[in-house]
Amino acid sequence: MSGWRSKELRSFRCALAGIAGAVRSESHVRFHLTATIVVAAAAVWLKATTTDWLWITTAVAAVWVAELFNTALERIVDLASPGQHPLAKAAKDTAAGAVLVAALYAAVVGAIVLGPPLWAAFFG
Ligand SMILES: Nc1ncnc2c1ncn2[C@@H]1O[C@H](COP(=O)(O)OP(=O)(O)OP(=O)(O)O)[C@@H](O)[C@H]1O
């Protein structure tokens with residue numbers, strides 16, 4: 001394998017290891033993994049359209065990106081500031097706020113895209 005390819009492969013493996021590590025160590029990330037599987041299963045069951053899938057995958061990706069950055073930031077803060085510090089608190093709370101914004105966006109997208117067909121499937 002050429003040097004370029006093996007370097008790319010190593011970077012890809014490191015990225016996957018980062019995601020796997022976050023899933024193993026963070027209960028919030030495991031909750032997002034479960035939610036992702038449930039939402040994907042519901043979208044398949046409800047025969048979501050291409051546009052529906054675009055909204056759903058955008059919302060799911062937003063939550064994952066925010067949560068993974070939040071996890072990375074928590075680790076950097078713990079490394080840089082093992083003791084209590086107001087700036088460490090502000091950094092962690094702000095990153096947690098980013099996850100909250102992404103999660104609220106995902107909830108709104110889920111309610112708009114999957115809400116009506118779910119309602120019809122159960123009560124229609
Ligand atoms: N070094 C610190 N200095 C001051 N406050 C901190 C510090 N570390 C954490 N905190 C406060 O405690 C809260 C919880 O921190 P913690 O590191 O347990 O993160 P978390 O959001 O509970 O994530 P997780 O449980 O996934 O590690 C932070 O949001 C912050 O308000």
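We count ligands from 1, going down the list as the structure has it; atoms in each ligand are counted the same way. This is a predicted model, so every value here is computed, not measured.
Close approach of ligand 1 to A88 is summarised as follows: ligand atoms under 4.0 Å from at least one heavy atom of the residue are 1 (N), 2 (C), 3 (N). Against a heavy-atom cut-off of under 4.0 Å, S81 is close to the following atoms of ligand 1: 1 (N). Numbered from 1 in the order shown, with element, the atoms of ligand 1 that lie under 4.0 Å from a heavy atom of D93 read 28 (C), 29 (O), 30 (C), 31 (O). Those atoms of ligand 1 that come under 4.0 Å of a heavy atom in E26, given as number and element, are 24 (P), 26 (O), 27 (O).
Under 4.0 angstrom from ligand 1, the non-hydrogen atoms of K89 come from both its backbone and its side chain.
Nearest to atom 8 (N) of ligand 1 among the protein's heavy atoms is K92 NZ, 3.3 Å.
The shortest side-chain heavy-atom distance between R24 and I19 does not fall under the 4.5 Å cut-off. With contacts defined as side-chain heavy-atom distances shorter than 4.5 Å, the pair E26/E74 qualifies.
Looking at D52, its side chain does come within 3.5 Å of a backbone N or O of T49 through a donor-acceptor pair.
Per-atom contact check: atom 22 (O) of ligand 1 does not touch the protein, criterion being a heavy-atom distance below 4.0 Å. Within the 4.0 angstrom cut-off, atom 14 (C) of ligand 1 has no protein heavy-atom neighbours.
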TODO: Go through R75 and S25 one step at a time and tell me if the side-chain hydrogen bond (donor to acceptor under 3.5 Å, both in side chains) criterion holds.
DONE: CA-CA 11 Å; R75 288 174 183 172; S25 64; 2.5 Å; yes
